[in-house]
Asker: 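Attaching a single structure in structure tokens format; questions to follow.
Letters go in sequence order (proteins before strands), and every chain restarts at 1.
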Protein chains: 4
Amino acid sequence: MRQNKKVGEDAKAQKRKQIMIAAMEMFAQKGYHTCTISDITKHAGIAKGLVYNYFDSKEDLMLKIVAEGFTLLIGGLDANSDGIITKEEFKNFVDLLFKKVESNKYYWRLYYSILLQPDIDKEKVFKTIEEIYQPVFQMVVDYYQSQNKENPVAEVVLWQSLLDGIVLNYLYNENYPLDEIKQVVYQKFI
Amino acid sequence: MRQNKKVGEDAKAQKRKQIMIAAMEMFAQKGYHTCTISDITKHAGIAKGLVYNYFDSKEDLMLKIVAEGFTLLIGGLDANSDGIITKEEFKNFVDLLFKKVESNKYYWRLYYSILLQPDIDKEKVFKTIEEIYQPVFQMVVDYYQSQNKENPVAEVVLWQSLLDGIVLNYLYNENYPLDEIKQVVYQKFI
Amino acid sequence: MRQNKKVGEDAKAQKRKQIMIAAMEMFAQKGYHTCTISDITKHAGIAKGLVYNYFDSKEDLMLKIVAEGFTLLIGGLDANSDGIITKEEFKNFVDLLFKKVESNKYYWRLYYSILLQPDIDKEKVFKTIEEIYQPVFQMVVDYYQSQNKENPVAEVVLWQSLLDGIVLNYLYNENYPLDEIKQVVYQKFI
Amino acid sequence: MRQNKKVGEDAKAQKRKQIMIAAMEMFAQKGYHTCTISDITKHAGIAKGLVYNYFDSKEDLMLKIVAEGFTLLIGGLDANSDGIITKEEFKNFVDLLFKKVESNKYYWRLYYSILLQPDIDKEKVFKTIEEIYQPVFQMVVDYYQSQNKENPVAEVVLWQSLLDGIVLNYLYNENYPLDEIKQVVYQKFI
DNA sequence: GATGAATGAGATTTCATTCAT
DNA sequence: CATGAATGAAATCTCATTCAT
């Protein structure tokens, strides 16, 4: 019995994930408002009503994708540190960040498009993101402090803005020369 | 008669502008898809149908706001130059850019949200934007070349990404320390 | 002064007719409901509001076209008779009828399409048509009676149905062999 | 499972038919353009949106009613023949035709009103009708030929025009003496 | 009389969500 | 759990009609 329940739960989690992936792809492709529940369920190969066995609403589905995806992608980034981050470690961190972007374009398109959508109640998702992001942010601030920068917080905000700008241009511009830009960033800022 | 016709045309242009401003504000506030024609016309104090005397469709209205706004805001930026841009002139140019963003938040929110919307046929609006933007881009490339930078185009792309990132964070984050960031940008990059 | 008034009235009648002709053509071309007041006024080369200086409404305009057109086209048909109609006169009458159809296709298309439109209050227009049609109908009944037909009314109703059917097929079927059919009608029924 | 699917499909076909019948009645009563989707769904006792689960658009719904109705009503008429049609068989054929008209007034009103509507893309429906009608037409031509008529095609065209005229007058004129007319037709033409 | 900008009721269509099976 | 037919609110857009000029 317990076995069965476990199996059932795994299957449920599996289906949930399947829906989220299909939804993420369709949201990123057509935009949140233009993409319909039908689009998603067709893409996932399931019945329309099934989404509502796993999520409260279209909005809930989308917010959970954004929050859980953020947790997944950014959650592990603060890993290593013994307290002091070296230049080498920071470069690896940035490298990893870029890799996460390059291999999850759909997610990041959705992420940014949602952040820029004025409707949509982002309170809850923001809270999750904030919680995940705070330690990462702090880690970079620490690094800048260890480099004896004058105004480490401002520097990190600037740094984050730069990354946002690069990522956005990369995500929405097919010809964006990401590798070249990465080189310039590395030699200029690291 | 000619007088009358002229007056009528002026009034029409006036009304057209009134609709565009109301639409821009509502689009920026509620997002393109969530904002209804009713929202716009109520905000403008006119009847629902009137929009369609001036624009073909909701989408047409939005694209014209984006295109004409871009022309207005970016169109005049290549002004001055006697061929060689000095550091001083470049700083003024960046200053002006920031000012245009700070005093047209609604417009820029709409602008970025549209660029990141995967639905919406952006072909035409892109063509307009490209035409306007190209000389400005070239001007900055020229400046970088005059500074003997190694890879001026990559540098400008990076520079533009940085600005995009800063502007986006400023537009959607109430507490973004724009002035502080501007200072850091000036001392680091100019 | 009287002169002016007269001229003014003539001009008015002229404009009224101009509107009716434009309307008839557009109604016949696009159908009553699909054809807009704008279509009509553009076709007539006048301002949209002007229609309402001459007619109460779109429906009024259409009904007046149908009624006055019927009067014009059918009104004169009972002309000649000295009481007794000869075979020759009857053939001329039918000939004339066909000619009126062939040279006023637009009108007859409108006429039939309106008769078959279940919405539209046809009461008034029917009264006019009835008044005009009655003597013509009677004339044909008289002719049939003079031919010692058994049931002249039924014969005329049948005859009229036949003409309706021929005209309708001719109006809406480009390849309808009207001339051939006319020959068959003449040799079979007259 | 297969059972269920079958049942579901039967139910779907049933509902589709229910919508078509309701629509036919309302179209015939109010006219295609005046009749709204709301009229139809209220009359059918279903929700407004449901029509669009079964038909692409209001126009699609109407065209399918016309085409499928024609197939149903005229499709079976070429039945019997062993090659030679007797006078008796021909009379039965005409009888049947009249019966089909008398017991499907709604359909035929819709049919004629659509044929006379200049807007509406009739291409597809015409193709269907043509395919169904052609063998019936041919059958009558054959009959006329067997009667050694001089110009059988013209005779059939005339005959068809006569029927159209009779049917139309019957459909739109409450006092049309159909039975009397039928008698005259039989004794005159058969 | 003539104009055409403005109105607003109303039509078609979409789609998130529910729920009986 | 899964299905997909059914719902109905709401959005875009049209157009007859009015009226200030």
Asker: Quick one about C:Thr36 and C:Asp39 (side-chain donor to acceptor, distance below 3.5 Å, no hydrogens or angles considered), yes or no?
Answerer: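 Yes, side-chain donor-acceptor contact under 3.5 Å.
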Asker: Can you check the B:Lys42 NZ to F:dT12 P distance for me, whole Å?
Answerer: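 Rounded to whole Å, this separation is 12 Å.
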Asker: With nearest nucleotides of DNA chain E determined for B:Gly45 and D:His33 from heavy-atom distances, which residue corresponds to the more 5′ nucleotide?
Answerer: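 The residue mapped nearer the 5' terminus is B:Gly45.
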Asker: Choosing from E:dA5, F:dA16, F:dA5, which nucleotide comes nearest the side chain of B:Leu50?
Answerer: E:dA5
Asker: Both D:Gly49 and C:Gly49 contact DNA chain F. Taking the nearest nucleotide for each, which residue is further toward the 5' end?
Answerer: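 By nearest-heavy-atom nucleotide position, the 5'-most residue is D:Gly49.
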Asker: Does B:Ser38 reach a base, just sugar-phosphate, or nothing at all? Heavy atoms under 4.0 Å.
Answerer: nothing
Asker: Does B:Tyr54 make a side-chain N or O approach to OP1 or OP2 of E:dA5 shorter than 4.0 Å?
Answerer: no
Asker: Of the nucleotides F:dC1, F:dG8, E:dT3, which one has an atom closest to the side chain of A:Asn53?
Answerer: F:dC1
Asker: In whole angstroms, how far is the C1' atom of E:dT12 from the OH atom of D:Tyr32?
Answerer: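 The answer, rounded to whole Å, is 10 Å.
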Asker: Under a 3.5 Å cut-off for both contacts, is E:dT21 paired Watson-Crick or G-U wobble with anything, and if yes, with which nucleotide?
Answerer: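 Pair assignment: E:dT21 / F:dA2.
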Asker: Let's see if you can work this out: which of E:dA5, E:dT12, F:dT12 has an atom nearest to the side-chain heavy atoms of B:Lys12?
Answerer: E:dA5
Asker: From C:Ile37 CD1 over to C:Phe55 CZ, what is the distance, rounded to the nearest 0.5 angstrom?
Answerer: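 C:Ile37 CD1 to C:Phe55 CZ: 10.0 Å, rounded to 0.5 Å.
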Asker: How far apart are the closest heavy atoms of D:Phe27 and D:Met62, and which atoms are they?
Answerer: CE1-CB, 3.6 Å
Asker: Rounded to whole Å, please give me the gap between CE in C:Met26 and C1' in F:dA16.
Answerer: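 Taking CE of C:Met26 and C1' of F:dA16, I get 16 Å after rounding.
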Asker: When both hydrogen-bonding distances must be under 3.5 Å and the geometry is Watson-Crick or G-U wobble, what is F:dA10 paired with, if anything?
Answerer: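 F:dA10 is paired with E:dT13.
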Asker: Considering only side-chain heavy atoms of B:Thr36, which listed nucleotide, E:dT17, F:dA6, F:dA11, is closest?
Answerer: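 Looking only at side-chain atoms, B:Thr36 lies closest to F:dA11.
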Asker: If you draw the axis of the six-membered ring of D:Tyr32, does the NZ or CZ of D:Lys58 fall within 45° of it and under 6.0 Å from the ring centre?
Answerer: yes
Asker: B:Tyr52 has an atom OH; how far is it from atom P of E:dT7, in whole Å?
Answerer: 15 Å
Asker: What's the spacing between A:Met24 CE and A:His43 NE2 if we round to 0.5 Å?
Answerer: 9.0 Å
Asker: Hey, which of these two, D:Ile37 or C:Ile46, hits DNA chain E nearer its 5' end, going by closest nucleotide?
Answerer: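 With D:Ile37 and C:Ile46 compared, the 5'-side residue is C:Ile46.
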Asker: Rounded to whole Å, please give me the gap between NZ in D:Lys30 and P in E:dG10.
Answerer: 12 Å
Asker: NE2/D:His33 to CG/C:Asp119 distance, rounded to the nearest 0.5 angstrom?
Answerer: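 These two atoms lie 10.0 Å from each other.
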Asker: Between the base of E:dG10 and the side chain of B:Lys48, is there any donor-acceptor pair under 3.5 Å?
Answerer: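 Check passes, donor-acceptor contact within cut-off.
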Asker: Counting the atoms with a prime plus P, OP1 and OP2 as sugar-phosphate, which does D:Phe55 contact under 4.0 Å by heavy atoms, base, sugar-phosphate, or nothing?
Answerer: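 Touches nothing.
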Asker: To the nearest angstrom, how far is A:Lys58 atom NZ from E:dC15 atom C1'?
Answerer: 8 Å
Asker: Please report, rounded to the nearest Å, how far the C1' atom of F:dA16 is from the CG atom of C:Leu63.
Answerer: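 In whole Å, F:dA16 C1' lies 15 Å from C:Leu63 CG.
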Asker: E:dA5 C1' sits how many Å from B:Asp10 CG, rounded?
Answerer: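 Taking CG of B:Asp10 and C1' of E:dA5, I get 15 Å after rounding.
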